[in-house]
Amino acid sequence: QVQLVESGGGAVQAGGSLRLSCAASGRPFNYYAMAWFRQAPGKEREFVAHISQSGGNTYYTESVKGRFSISRDNAKNTVFLQMNMLKPEDTAVYYCAAVRIFRNYESPTEYNYWGQGTQVTVSS
């Protein structure tokens, strides 16, 4: 089992920044690729960013490219999402997720473990 706990959410104005953290415990952190998803009210959970076990490969959904950055510190069992130039449409609950073996990193059904989520609200 892997336990994931997100933090760092909050309310900011458009153009602002937030840094989300996700602390993992349980099985060795570097066994797992990690991702961030988000879910806005009335919408399905959507992929935001993914990082490989070593951190050498990262992927982003098109709408956040150039604004968000995913990273990880395997020594501290933590994955981060730096979010800059935030927009009102980024408002959602953000979840981190872990997967050991996957085929489609964008699909939430591939991920085995999820955090409880952290709210991000961006006002115009």
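When a residue number appears, it is its place in the shown sequence, counting from 1.
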Problem - Atom pair OG (Ser63) and CD (Glu89), whose distance is rounded to the nearest 0.5 Å - result: 8.0 Å
Practice task
State yes or no: do Tyr94 and Ile70 share one hydrophobic cluster built from I, L, V, M, F, W and Y residues joined by side-chain heavy-atom distances below 4.5 Å, directly or via other members?
Solution key: yes
Exercise for the section: Measure the shortest side-chain to side-chain distance between Gln119 and Thr91 over non-hydrogen atoms and say whether it is less than 4.5 angstrom. Expected result: yes
Residues 13-27, side-chain donor-acceptor partners within the protein, below 3.5 Å, at least two apart:
{"from": "Ser17", "atom 1": "OG", "to": "Asn84", "atom 2": "OD1", "distance (Å)": "2.9"}
{"from": "Ser25", "atom 1": "OG", "to": "Gln3", "atom 2": "OE1", "distance (Å)": "3.3"}

Practice task
Would you mind reporting whether Ser107 and Phe102 have side-chain heavy atoms less than 4.5 Å apart?
Solution key: no
Practice task
Would you kindly confirm whether Leu4 and Phe37 end up in one hydrophobic cluster when ILVMFWY residues are joined by side chain heavy atoms under 4.5 Å apart?
Solution key: no
Problem - Minimal non-hydrogen separation, Met34 against Ala98, with atom names - result: SD-CB, 3.5 Å
Exercise for the section: Report the residues that fulfil side chain to side chain contact (heavy atoms under 4.5 Å, CB included) with Asn112, sequence neighbours left out, ordered by chain and then residue number. Expected result: Val99
Exercise answer: donor-acceptor pairs, residues 45-53 side-chain atoms, under 3.5 Å, sequence neighbours excluded:
{"from": "Arg45", "atom 1": "NE", "to": "Gln39", "atom 2": "OE1", "distance (Å)": "3.3"}
{"from": "Arg45", "atom 1": "NH2", "to": "Gln39", "atom 2": "OE1", "distance (Å)": "3.4"}
{"from": "Glu46", "atom 1": "OE2", "to": "Arg38", "atom 2": "NE", "distance (Å)": "2.6"}
{"from": "Glu46", "atom 1": "OE2", "to": "Arg38", "atom 2": "NH2", "distance (Å)": "3.2"}
{"from": "His50", "atom 1": "ND1", "to": "Tyr111", "atom 2": "OH", "distance (Å)": "2.8"}
{"from": "Ser52", "atom 1": "OG", "to": "Gly55", "atom 2": "N", "distance (Å)": "3.4"}
{"from": "Ser52", "atom 1": "OG", "to": "Gly56", "atom 2": "N", "distance (Å)": "3.2"}
{"from": "Ser52", "atom 1": "OG", "to": "Asn57", "atom 2": "N", "distance (Å)": "3.0"}
{"from": "Gln53", "atom 1": "NE2", "to": "Tyr31", "atom 2": "O", "distance (Å)": "3.3"}
{"from": "Gln53", "atom 1": "NE2", "to": "Arg100", "atom 2": "O", "distance (Å)": "3.3"}

Practice task
Establish whether Phe80 and Phe68 are linked, either directly or via other cluster members, by ILVMFWY side-chain heavy-atom contacts under 4.5 Å.
Solution key: no
Practice task
Spell out, yes or no, whether Val120 and Val79 are grouped together once hydrophobic residues are joined by side-chain heavy atoms under 4.5 Å, including indirect joins.
Solution key: yes
Exercise for the section: Start with the C-alpha distance between Val12 and Met83, add both sets of side-chain angles, then the distance that settles side-chain contact (heavy atoms from CB on, under 4.5 Å), and finish with yes or no. Expected result: CA-CA 11 Å; Val12 296; Met83 305 186 294; over 6 Å; no
Handout entry: Tyr105 side-chain N/O to Thr58 backbone N/O, donor-acceptor pair under 3.5 Å
Key = no
Completion exercise
Closest non-hydrogen atoms of Tyr60 and Ser69, given as atom of the first, atom of the second and distance, are OH-CA, 3.4 Å
Exercise for the section: For residues Glu6 and Trp36, determine if any side-chain heavy atom of one lies less than 4.5 Å from a side-chain heavy atom of the other. Expected result: yes
